[in-house]
Colleague: 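Here it is, the structure, as C-alpha cells.
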Amino acid sequence: MALLPWRTGKVIRIEDETKTTRRFWIEVPELTSFDFIPGQFVTLDLPIHEKANKRWRSYSIASWPDGTNVFELIIVLDKKGAGTNYIFHELKVGSAITFRGAQGVFILKEPLDKELFLICTGTGIAPFRSMVHHIKDKNIPHKNITLIFGCRTKDTILYYEEMKKLDETLMGFTYIPTLSRETWEGASGYVHDIYEDLCRERQPAEFLLCGWRGMIDDAKNRILDMGYDKKDIHIEIYG
C-alpha cells in the first residue's frame, strides 16, 4: 500500500479535558472533507529530532467522519516525552502541524452481528468514541455494545457526560467507566472484572482493546482463557 502524503493541518481549537489531557481540533485547509474510517489514526511529524522516525507520533482520531475538514485528537501529557511536551507547550491556536493519514486497520467490520466489548484505558477511548458516534449517526444495525473505560480517579475520566448521554440515547449501548484508585457511585476496580462478569454465558462476542500495554496483554490472556478465539480479539496498543 502506497504511503499517504504528508499534509499541513492548522490547530483551530484547544481545550483541557483533564489536568493532564487536552483536546486538539485540527483543520486540513487543502481539503473540503477529511475522510477516514472510525478507529484510524494520524501520524504527526514534530520538530523534535533530526531523524524522521524519532519525530513521528501517532494518535487515534477521537472525532468521527462528519463531512468537514476538521478532526480531533485527545492527548495525555507524558512529562518525560519529547512529543507530548512539544504538543502541550508549543502548539497554539493557529499553529501549523505536519501529519499523515488517516491510516490503520483497527476498525469495525460490518455487519456488526456479534456483541461488541470496547475495552480501553486512558486516551485509548479515542477510537471507540469515534466508532460509537459513527454507529449512531449512520444508524448502523448492531448487537449490544459495551464500552468499558478504565482509569484511576473520577477527575481523569474522558468524555464522561458525553458517553453517559450516548448510553441514554443509543439503543443497545452501555457505558461503564471503572475507577481503580477511587470508590464512587459507579464501578470500581479493573476493567477485567467487568467483561468477565458480562461474558459468563460465553455468548458470541468480539473484543476491541485499546490502551496501555499491560491492560491489553492481561485482557487478551483472560479472554482466551474464557474460551474465545484469537480472531475475536482486536488490539491497538498505546505507549
Side-chain angles (χ1 to χ4, degrees), residues 1-15 17 21-48 52-76 81 83-84 86-88 91 93 95-110 112 116 118-140 142 145 147 149 158-159 162-163 166 206 208-212 216 234-239:
M1 182 183 296
L3 288 175
L4 294 171
W6 291 100
R7 301 185 185 278
T8 300
K10 183 174 75 172
V11 178
I12 61 169
R13 183 178 167 194
I14 301 173
E15 285 187 8
E17 179 71 4
T21 310
R22 283 184 188 164
R23 300 167 65 180
F24 296 83
W25 284 262
I26 299 170
E27 182 183 60
V28 190
E30 67 187 89
L31 301 176
T32 56
S33 177
F34 179 69
D35 298 321
F36 62 95
I37 303 171
Q40 290 190 310
F41 63 88
V42 294
T43 298
L44 309 183
D45 186 1
L46 305 173
I48 56 175
N53 64 348
K54 292 186 180 295
R55 297 197 306 264
W56 297 346
R57 299 291 187 275
S58 295
Y59 299 98
S60 291
I61 300 170
S63 51
W64 52 98
D66 61 0
T68 73
N69 64 346
V70 176
F71 63 92
E72 179 187 336
L73 303 178
I74 187 160
I75 299 174
V76 61
T84 60
Y86 176 84
I87 290 169
F88 270 63
L91 287 187
V93 171
S95 294
I97 190 163
T98 302
F99 76 95
R100 182 164 63 196
Q103 54 195 333
V105 295
F106 187 69
I107 59 176
L108 294 174
K109 305 287 198 307
E110 295 184 49
L112 306 180
L116 281 178
L118 312 178
I119 304 165
C120 57
T121 49
T123 53
I125 196 173
F128 298 148
R129 178 185 186 238
S130 180
M131 292 174 187
V132 174
H133 273 286
H134 183 67
I135 288 168
K136 184 176 187 292
D137 280 4
K138 300 300 182 183
N139 198 25
I140 297 172
H142 59 275
I145 302 171
L147 172 59
F149 174 47
L158 308 177
Y159 302 117
E162 179 183 310
M163 291 298 112
L166 277 174
E206 288 198 45
L208 279 70
L209 315 175
C210 188
W212 306 319
I216 286 179
H234 314 277
I235 66 174
E236 187 91 324
I237 297 173
Y238 275 34

Colleague: Test side chain to side chain contact (heavy atoms under 4.5 Å, CB included) on I12 and V93 and set out the steps.
Modeller: CA-CA 5 Å; I12 61 169; V93 171; 5.5 Å; no

Colleague: Quick one, K136 and L166 - any side-chain contact, counting heavy atoms below 4.5 Å?
Modeller: yes

Colleague: Are F71 and F34, when compared by the centres of their aromatic rings, separated by less than 6.0 Å?
Modeller: yes

Colleague: Is any side-chain heavy atom of F99 closer than 4.5 Å to a side-chain heavy atom of V28?
Modeller: yes

Colleague: Please give me the minimum heavy-atom distance between S60 and L73, naming the atom from each residue.
Modeller: O-CD2, 3.6 Å

Colleague: Strictly distance-based, threshold 3.5 Å: is any side-chain N or O of S130 a donor or acceptor partner for the main-chain N or O of S63?
Modeller: yes

Colleague: Check for me whether the distance between the ring centres of W64 and H133 falls short of 6.0 Å.
Modeller: yes

Colleague: Could you tell me the separation between the NE2 atom of H134 and the CG atom of N139, rounded to the nearest 0.5 Å?
Modeller: 11.5 Å

Colleague: Looking at R7 and E30, is any side-chain nitrogen of the basic one under 4.0 Å from a carboxylate oxygen of the acidic one?
Modeller: yes

Colleague: Does I97 form a side chain to side chain contact (heavy atoms under 4.5 Å, CB included) with L46? I'd like the steps, not just the answer.
Modeller: CA-CA 8 Å; I97 190 163; L46 305 173; 4.2 Å; yes

Colleague: Side chain to side chain contact (heavy atoms under 4.5 Å, CB included) between T21 and T123: does it pass, once the steps are laid out?
Modeller: CA-CA 8 Å; T21 310; T123 53; 4.1 Å; yes

Colleague: Considering all heavy atoms of both residues, which atom of F128 and which atom of I119 are nearest to each other, and what is their separation?
Modeller: CE1-O, 3.5 Å

Colleague: For the residue pair P127 and E236, establish whether any side-chain heavy-atom pair is separated by less than 4.5 Å.
Modeller: no

Colleague: I75 and I87: which non-hydrogen atoms are nearest, and at how many Å?
Modeller: CD1-CD1, 3.9 Å

Colleague: Please tell me if the side chains of M131 and L208 come closer than 4.5 Å, counting only heavy atoms from C-beta onward.
Modeller: yes

Colleague: How many angstroms lie between CD1 in I140 and CD in E110, if you round to the nearest 0.5 Å?
Modeller: 4.5 Å

Colleague: Quick one, L209 and L118 - any side-chain contact, counting heavy atoms below 4.5 Å?
Modeller: no

Colleague: Short question: side chain of R129, backbone of A62 - any donor-acceptor pair under 3.5 Å?
Modeller: yes

Colleague: Show the nearest heavy-atom pair for residues G122 and F149, with the distance to one decimal.
Modeller: O-CE1, 3.1 Å

Colleague: So R13 and E72, salt bridge (charged side-chain N to carboxylate O under 4.0 Å, His left out) or not? Walk me through it.
Modeller: CA-CA 9 Å; R13 183 178 167 194; E72 179 187 336; over 6 Å; no

Colleague: Return the minimal non-hydrogen interatomic distance between I26 and G9, and the atom names on each side.
Modeller: CG2-CA, 3.9 Å

Colleague: To the nearest 0.5 Å, how far apart are CE in M163 and CG in L147?
Modeller: 6.5 Å

Colleague: Find out whether H234 and E206 are in side-chain contact, i.e. whether some heavy atom of one side chain is under 4.5 Å from a heavy atom of the other.
Modeller: yes

Colleague: Decide side chain to side chain contact (heavy atoms under 4.5 Å, CB included) for R23 and I14; before the verdict, give the C-alpha distance in whole Å, the side-chain angles of both, and the deciding distance to 0.1 Å.
Modeller: CA-CA 6 Å; R23 300 167 65 180; I14 301 173; over 6 Å; no

Colleague: Within the 4.5 Å heavy-atom criterion, are P38 and P65 side-chain neighbours or not?
Modeller: yes

Colleague: Please round to the nearest 0.5 Å and tell me the distance separating atom CD1 of I125 and atom SG of C120.
Modeller: 5.0 Å

Colleague: Donor-acceptor pair, distance only, cut-off 3.5 Å: does the side chain of T68 make one with the backbone of V70?
Modeller: yes

Colleague: Among I37, T43, V42, which residue meets the side-chain contact (heavy atoms from CB on, under 4.5 Å) test with Q103?
Modeller: T43

Colleague: Provide the closest heavy-atom pair for I107 versus G104 in the form atom of the first, atom of the second, distance.
Modeller: CG2-O, 4.3 Å

Colleague: Take the angle between the ring planes of W6 and W56 and call it parallel below 30°, perpendicular above 60°, tilted in between.
Modeller: tilted

Colleague: Quick check: do I216 and T121 have side-chain heavy atoms less than 4.5 Å from each other?
Modeller: no

